[in-house]
Visitor: 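Here it is: the structure, laid out below.
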Amino acid sequence: MSDDPSAKSPEASDFIRDAVAEDLSSGRYKSVMTRYPPEPNGWLHIGHAKALSIDFGVAAQFGGVCNLRFDDTNPEKEDMSYVEAIKKDIAWLGYDWQDREYFASDYYERLYDLAVKIIKKGHAYVDDLTAEEMSEYRGTNVPDKNNITITPPGKDSPYRNRTVAENLELFARMRAGEFPDGSKTLRAKIDMAHPNLLMRDPPMYRIRREPHYRTGTEWCIYPMYDFQHPLSDAIEGVSHSLCSLEYEIHRPLYDWFVREGEVSSTPPRQIEFARLNISHFVLSKRWLLRLVQDGVVSGWDDPRMPTLSGLRRRGYTPASIRDFMSRIGVAKTDSLVDVQLLEHCIREELNKSADRVMAVLHPLRLVVENWPEGSVEELEAVNNPEDPSRGSRKVPFSKVLYIEREDFAEVPPPKYFRLFPGNMVRLRYGYIVTCTGFGKDPSTGEITEVRCSYDPATKGGDAPDNRKVKGTIHWVSAAHAIAVEARLYEHLFPAERPMDVAPGVDWVTTIDASSMERVAGAFAEPSLGSAKAGDRFQFERLGYFCCDPDSKPGAPVFNRTVGLRDTWAKIEKKGS
RNA sequence: UGGGACGUCGGCAAGCGGUAAGCCAUCGGACUUUGGCUCCGACAUUCGCAGGUUCGAAUCCUGCCGUCCCAACCA
């Protein structure tokens with residue numbers, strides 16, 4: 001998979017790309033400029049990756065550019081640490097905003113001037129209504145006797161008809177800090193009877209004495225999204241402002257402010273697409289923040305989190321996420337993508353790129369009875385059968401090995417072709433061995449060790465006589481193995497739709513408390529001793545693992561990114 | 001007496017009046033020194049429902065039904 005995001009799906013097509021192509025051919029726009037507008041109040045998750053993929057992808061496909069603009073107009077929630085985290089994640093995903101790193105907070109002065117311009121047109125006014133009163137005056141959606149939702153007209157604020165001069169003066173004094181927080185707002189003068197509630201004189205500025213992470217205490221008034229966003233787009237010269245469906249109802253407002261602001265001769269155009277939902281995941285910054293704050297997860301980058309940082313730590317690659325985005329498409333249908341598609345994407349990439357290695361998660365001693373005491377052999381193991389250029393390595397073999405507990409059965413279930421008394425199995429890249437016996441703790445019934453004899457003629461695992469050996473299992477030499485910790489993950493939420501919870505039930509309580517399993521007593525072949533955080537491997541027959549930053553010298557930790565497809569598990573399930 | 005959208009296979013999703021792409025999942029089978037990978041095959045006579053227009057409709061019209069979003073001085 002290429003590291004260059006623009007290299008994939010050159011002929012991608014969807015309703016947005018169709019619209020952009022049409023806009024170009026009709027001459028509505030000469031070139032394409034999009035923007036990715038995060039609010040720095042949380043970390044990016046895979047839902048944002050969809051928006052990123054569309055914003056940067058559409059721009060790239062049409063030879064345009066995509067700006068990174070932080071929509072930072074709510075000082076209460078925003079923070080520089082989020083800006084840094086967001087930039088890191090976008091860059092990691094492979095998207096490049098070059099020098100176009102913008103902040104809505106850099107436009108404060110310009111936006112203020114635009115507000116003044118709109119006031120001068122008589123299209124905005126300073127209102128003294130409280131938040132509650134404003135809501136009351138606006139009117140709301142209410143169910144009538146037949147439980148049909150209706151929206152009666154709102155009524156004008158008594159301050160709606162202040163003169164331009166008065167509004168200008170009041171607005172200036174708002175900025176100057178002459179009024180207490182919340183006592184006045186600047187409102188667009190649109191239509192208090194509009195069927196779309198958002199058009200009923202929406203607020204443009206509120207008074208809030210809250211230090212801003214970038215502008216400090218310079219401002220005590222802050223612009224609202226509906227005013228700020230379209231005008232920031234216009235200021236930058238954005239052509240296509242692509243956003244999610246929930247903003248569809250904001251579009252008339254978007255267009256209204258663009259028109260009133262008269263910033264650009266080619267007004268930006270907003271187009272909406274359906275946001276991403278993935279089964280077993282919660283994709284909402286607000287909910288993710290709660291998981292972090294409640295300590296349910298270890299942080300924004302907990303490997304179970306759908307955040308880009310979490311997926312990164314889990315072992316997902318940027319290319320696999322981009323591939324996923326290209327497969328789910330872009331449409332306007334509310335949808336729930338099966339998490340298995342995401343897992344398929346990472347498996348497909350890692351199958352090609354991850355070196356194979358042997359590790360035993362739940363060790364069981366295997367003694368090779370006819371192996372000479374003290375003898376050690378270095379056996380050749382292929383690093384990646386999918387990629388010969390990865391070469392091979394040496395793996396030590398000796399008398400006492402560890403194998404996976406699951407790979408031995410005292411009484412084999414149907415169709416089981418691993419180790420059981422009398423059965424023959426291949427030790428991968430080692431020898432073909434025959435199970436000669438086993439030890440068992442009489443009090444617990446636990447298998448304590450398995451014994452076997454090896455066939456010296458089968459070095460490397462070859463069967464010179466072409467005998468059929470159905471099973472091949474992985475192993476590690478007890479004397480040479482290194483101790484590792486493995487962390488196995490399940491979905492944080494067992495439910496396909498975690499937010500669909502019975503009334504009165506807190507969704508957080510539906511979390512699977514055992515969604516992370518630490519396997520402390522695992523062993524791996526010596527080559528894994530040099531693994532560095534972020535390195536990815538396939539533990540043969542187990543799954544893909546990524547070395548975690550928690551690793552210490554001599555004590556590596558591996559996160560299971562995803563297991564291998566497991567046909568045996570299906571056979572077992574069917575049998576039971 | 002609301003407004004804005006959306007309904008094509010279990011999950012995504014093409015299709016834009018000419019007779020249902022593809023992907024994931026699933027189920028068979030081949031191959032296999034990973035019960036992995038790969039390969040081959042199966043998987044919507046039908047497009048929310050009902051009418052209508054047409055030689056012909058998932059595509060056009062009408063009416064129903066269903067789902068989502070909107071009542072923050074958040075974005």
Side-chain angles (χ1 to χ4, degrees), chain A residues 13-14 37-39 41 71-74 76-78 127 129-131 134-135 138-142 144 148-153 181-187 194-200 202-208 221-222 224-226 228-229 243-252 272 274 279 285-286 327-345 347-348 351-352 356 358 382 385-386 415-418 426-430 432 458 460-463 469-474 496 538-543 563-572:
Chain A
S13 169
D14 53 62
E39 186 193 6
N41 67 346
D71 263 1
D72 54 355
T73 51
N74 184 2
E76 287 166 34
K77 295 182 182 171
E78 295 153 7
D127 198 355
L129 254 30
T130 64
M134 201 183 285
S135 168
R138 180 178 46 232
T140 60
N141 298 317
V142 293
D144 71 2
I148 291 171
T149 303
I150 56 168
T151 306
D181 284 10
S183 63
K184 282 181 169 50
T185 53
L186 180 70
R187 289 229 257 171
H194 198 105
N196 180 346
L197 258 21
L198 290 170
M199 297 294 275
R200 319 247 263 220
M204 294 165 61
Y205 271 91
R206 76 281 209 184
I207 305 173
R208 190 108 319 163
I221 58 172
Y222 292 95
M224 303 289 295
Y225 168 85
D226 280 313
Q228 173 274 130
H229 193 89
C243 60
S244 51
L245 244 32
E246 69 249 48
Y247 291 100
E248 208 154 23
I249 194 171
H250 293 250
R251 194 166 65 224
E272 313 83 10
S279 61
K285 271 199 277 190
R286 188 179 150 198
R327 288 176 191 246
I328 61 173
V330 180
K332 296 191 71 164
T333 318
D334 280 308
S335 59
L336 180 71
V337 177
D338 194 332
V339 70
Q340 288 184 105
L341 179 58
L342 215 211
E343 296 176 344
H344 172 265
C345 292
R347 276 197 195 101
E348 187 176 79
N351 174 52
K352 293 184 191 120
R356 273 58 168 172
M358 290 198 283
V382 172
E386 304 288 321
K415 293 181 185 161
Y416 186 87
F417 48 74
R418 280 112 92 173
R426 174 185 295 104
L427 294 176
R428 175 142 244 228
Y429 300 125
I432 292 176
T458 59
D462 293 315
V469 179
K470 202 82 197 307
T472 298
I473 65 175
H474 58 99
E496 204 167 71
Q538 183 196 102
F539 287 5
E540 293 225 24
R541 301 210 307 130
L542 296 175
L564 259 23
R565 278 190 69 226
D566 191 350
T567 307
W568 171 245
K570 282 178 195 164
I571 296 170
E572 257 188 325

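Bear in mind that the values here come from a model prediction, so they are computed numbers and not experimental data. First the proteins, then the strands, lettered A, B, ... as listed; each starts at 1.
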Visitor: What contact category does A:Arg187 fall into here, base, sugar-phosphate, or nothing, at under 4.0 angstrom with non-hydrogen atoms?
Guide: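 No contact.
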
Visitor: If you look at every strand shown and take non-hydrogen atoms under 4.0 Å, does A:Ile328 touch a base, only sugar-phosphate, or nothing?
Guide: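 It contacts sugar-phosphate atoms only.
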
Visitor: Would you mind telling me which of B:rC73, B:rC12, B:rU34 lies closest to the side-chain atoms of A:Leu564?
Guide: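 When the side chain of A:Leu564 is considered, B:rU34 is the closest of B:rC73, B:rC12, B:rU34.
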
Visitor: Could you measure between the two C1' atoms, the one in B:rU62 and the one in B:rC74, and give it in whole Å?
Guide: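 It comes out at 42 Å once rounded to the nearest Å.
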
Visitor: Between the side chain of A:Arg200 and the main-chain N/O of A:Arg138, is any donor-acceptor distance below 3.5 Å?
Guide: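 Yes; judged by distance alone, with no hydrogens or angles, the pair exists.
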
Visitor: Base, sugar-phosphate alone, or nothing: which one does A:Arg138 contact when heavy atoms must sit under 4.0 Å apart?
Guide: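 Counting heavy atoms under 4.0 Å across all strands, the contact made by A:Arg138 is with sugar-phosphate only.
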
Visitor: How is A:Val339 classified with respect to the nucleic acid when contacts are heavy atoms under 4.0 Å: base, sugar-phosphate, or nothing?
Guide: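 Here A:Val339 touches no strand at all.
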
Visitor: Take atom CG of A:Asp334 and atom P of B:rU67, then tell me their distance rounded to the nearest Å.
Guide: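 Going from A:Asp334 (CG) to B:rU67 (P), I get 13 Å.
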
Visitor: From C-beta outward on A:Arg428, which listed nucleotide comes closest to its side chain: B:rG11, B:rA75, B:rU33?
Guide: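 Of B:rG11, B:rA75, B:rU33, B:rU33 is nearest to the side chain of A:Arg428.
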
Visitor: Determine the contact category for A:Glu343: base if any of its heavy atoms lies under 4.0 Å from a base atom, sugar-phosphate if only primed atoms, P, OP1 or OP2 are that close, otherwise nothing.
Guide: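 Answer is nothing: A:Glu343 stays at 4.0 Å or more from every strand.
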
Visitor: Among B:rG3, B:rC24, B:rC73, which nucleotide has an atom closest to any side-chain atom of A:Asn196?
Guide: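 It is B:rG3.
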
Visitor: Rounded to the Å, how far apart are A:Arg347 CZ and B:rC23 C1'?
Guide: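 Going from A:Arg347 (CZ) to B:rC23 (C1'), I get 15 Å.
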
Visitor: Heavy atoms from C-beta onward define the side chain here; which of B:rC6, B:rG36, B:rA75 lies closest to that of A:Asn351?
Guide: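 Of the candidates, B:rG36 comes closest.
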
Visitor: Could you state the CD-C1' distance from A:Glu496 to B:rG10, rounded to the nearest angstrom?
Guide: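 Rounded to whole Å, this separation is 9 Å.
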
Visitor: What nucleic acid atoms does A:Glu248 come within less than 4.0 Å of, heavy atoms only: base, sugar-phosphate, or nothing?
Guide: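 If one applies the 4.0 Å heavy-atom cut-off, A:Glu248 turns out to touch the sugar-phosphate alone, with no base involved.
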
Visitor: Counting side-chain heavy atoms from C-beta on, which of B:rA75, B:rG2, B:rG35 comes nearest to A:Pro195?
Guide: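 Of the candidates, B:rG2 comes closest.
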
Visitor: Using atom C1' in both nucleotides, what's the gap between B:rG41 and B:rC55 to the nearest angstrom?
Guide: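 Pairwise C1' distance, B:rG41 against B:rC55, rounds to 37 Å.
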
Visitor: Is the closest basic N to carboxylate O distance between A:Lys332 and A:Glu248 below 4.0 Å?
Guide: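 Salt bridge flag = yes for A:Glu248 with A:Lys332.
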
Visitor: Can you tell me how far P of B:rC74 sits from NE2 of A:His250, to the nearest Å?
Guide: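 To the nearest whole Å, that distance equals 13 Å.
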
Visitor: When rounded to the nearest Å, what value does the distance between C1' atoms of B:rU34 and B:rU46 take?
Guide: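 42 Å, rounded to whole Å.
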
Visitor: If every non-hydrogen atom of A:Gly461 is compared with every non-hydrogen atom of A:Arg426, which pair is closest and at what distance?
Guide: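 That closest heavy-atom pairing would be O-NE, 2.6 Å.
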
Visitor: Consider the side chain of A:Leu197, meaning its heavy atoms from C-beta on, and name the nucleotide among B:rA5, B:rC73, B:rA71 that approaches it most closely.
Guide: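 The listed nucleotide nearest to A:Leu197's side chain is B:rA71.
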
Visitor: If you look at every strand shown and take non-hydrogen atoms under 4.0 Å, does A:Thr185 touch a base, only sugar-phosphate, or nothing?
Guide: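 Base contact.
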
Visitor: Taking atom P in both B:rC40 and B:rU45, compute the distance separating them and give it to the nearest angstrom.
Guide: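 Between the two P atoms, the distance is 25 Å.
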
Visitor: Check every strand shown and say whether A:Met224 touches a base, only sugar-phosphate, or nothing at a heavy-atom separation below 4.0 Å.
Guide: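 Sugar-phosphate, backbone atoms only, no base.
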
Visitor: Got a sec, which residues hit side-chain hydrogen bond (donor to acceptor under 3.5 Å, both in side chains) with A:Asp14, two or more places apart in sequence or on another chain?
Guide: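 Once residues adjacent in sequence are excluded, the partners of A:Asp14 under the side-chain hydrogen bond (donor to acceptor under 3.5 Å, both in side chains) criterion are A:Arg17.
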
Visitor: Side-chain donor or acceptor of A:Arg565 under 3.5 Å from a matching atom on the base of B:rG35?
Guide: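 Looking at the base of B:rG35, it does not pair with any donor or acceptor on the side chain of A:Arg565 (distance under 3.5 Å).
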
Visitor: What about A:Glu386: does its side chain form a donor-acceptor pair under 3.5 Å with the base of B:rG36?
Guide: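 Side chain to base: pair present.
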
Visitor: Select one nucleotide: of B:rC74, B:rC6, B:rC23, the one nearest the side-chain heavy atoms of A:Lys332.
Guide: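 Within the option list, the nearest is B:rC6.
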
Visitor: How far does the C1' atom of B:rC70 sit from the matching atom of B:rA75, given to the nearest Å?
Guide: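 15 Å, rounded to whole Å.
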
Visitor: With sugar-phosphate meaning primed atoms plus P, OP1 and OP2, does A:Asn41 contact a base, only sugar-phosphate, or nothing at under 4.0 Å between heavy atoms?
Guide: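 No contact.
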
Visitor: Write down the distance between CZ (A:Phe417) and P (B:rU32), rounded to a whole number of angstrom.
Guide: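 Whole-Å distance recorded here is 13 Å.
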
Visitor: Quantified in whole Å, what is the P atom distance between nucleotide B:rC6 and nucleotide B:rG22?
Guide: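 These two P atoms come out 26 Å apart once rounded.
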
Visitor: In whole angstrom, give the distance that lies between atom NZ of A:Lys77 and atom P of B:rA75.
Guide: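 It is 8 Å, rounded to the nearest whole Å.
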
Visitor: Would you classify A:Arg327 as touching base, sugar-phosphate or nothing, given that sugar-phosphate means primed atoms plus P, OP1 and OP2, and contacts are heavy atoms under 4.0 Å?
Guide: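 Answer is sugar-phosphate: A:Arg327 comes under 4.0 Å of backbone atoms only.
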
Visitor: From the options B:rC12, B:rG35, B:rA75, select the nucleotide whose nearest atom is closest to the side chain of A:Lys415.
Guide: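 So the side chain of A:Lys415 is nearest to B:rG35.
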
Visitor: A:Asp181 has an atom CG; how far is it from atom C1' of B:rC73, in whole Å?
Guide: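 Those two atoms, CG and C1', are 10 Å apart.
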
Visitor: Kindly determine whether A:Arg418 and A:Trp568 satisfy side-chain contact (heavy atoms from CB on, under 4.5 Å), including the steps that lead there.
Guide: CA-CA 11 Å; A:Arg418 280 112 92 173; A:Trp568 171 245; 3.2 Å; yes

Visitor: Rounding to an integer number of angstrom, what distance separates B:rC37 and B:rU32 when you compare their C1' atoms?
Guide: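 These two C1' atoms come out 9 Å apart once rounded.
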
Visitor: By nearest atom, which of the nucleotides B:rC24, B:rC74, B:rG36 is closest to the A:Thr567 side chain?
Guide: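 Per side-chain heavy atoms of A:Thr567, the pick is B:rG36.
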
Visitor: Can you tell me, in whole Å, how much space there is between the P of B:rA25 and that of B:rG36?
Guide: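 Rounded to whole Å, the distance is 13 Å.
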
Visitor: Minimum heavy-atom separation for A:Asn351 to A:Glu386, with atom names?
Guide: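 Shortest heavy-atom contact: O-CG, 3.4 Å.
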
Visitor: Among the candidates B:rA75, B:rC74, B:rG11, find the nucleotide nearest to the side-chain atoms of A:Arg208.
Guide: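 Nucleotide nearest to A:Arg208's side chain: B:rC74.
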
Visitor: Report yes if the ring of A:Trp568 lies under 5.5 Å from the six-membered base ring of B:rG35 with planes under 30°, and no otherwise.
Guide: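 The ring of A:Trp568 is stacked on B:rG35.
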
Visitor: Rounding to a whole Å, what distance do you find between A:Leu427:CG and B:rU34:C1'?
Guide: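 My rounded result for the distance is 13 Å.
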
Visitor: Please work out if A:Lys285 contacts a base, only the sugar-phosphate, or nothing of the nucleic acid, heavy-atom cut-off 4.0 Å.
Guide: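 It contacts nothing in the nucleic acid.
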
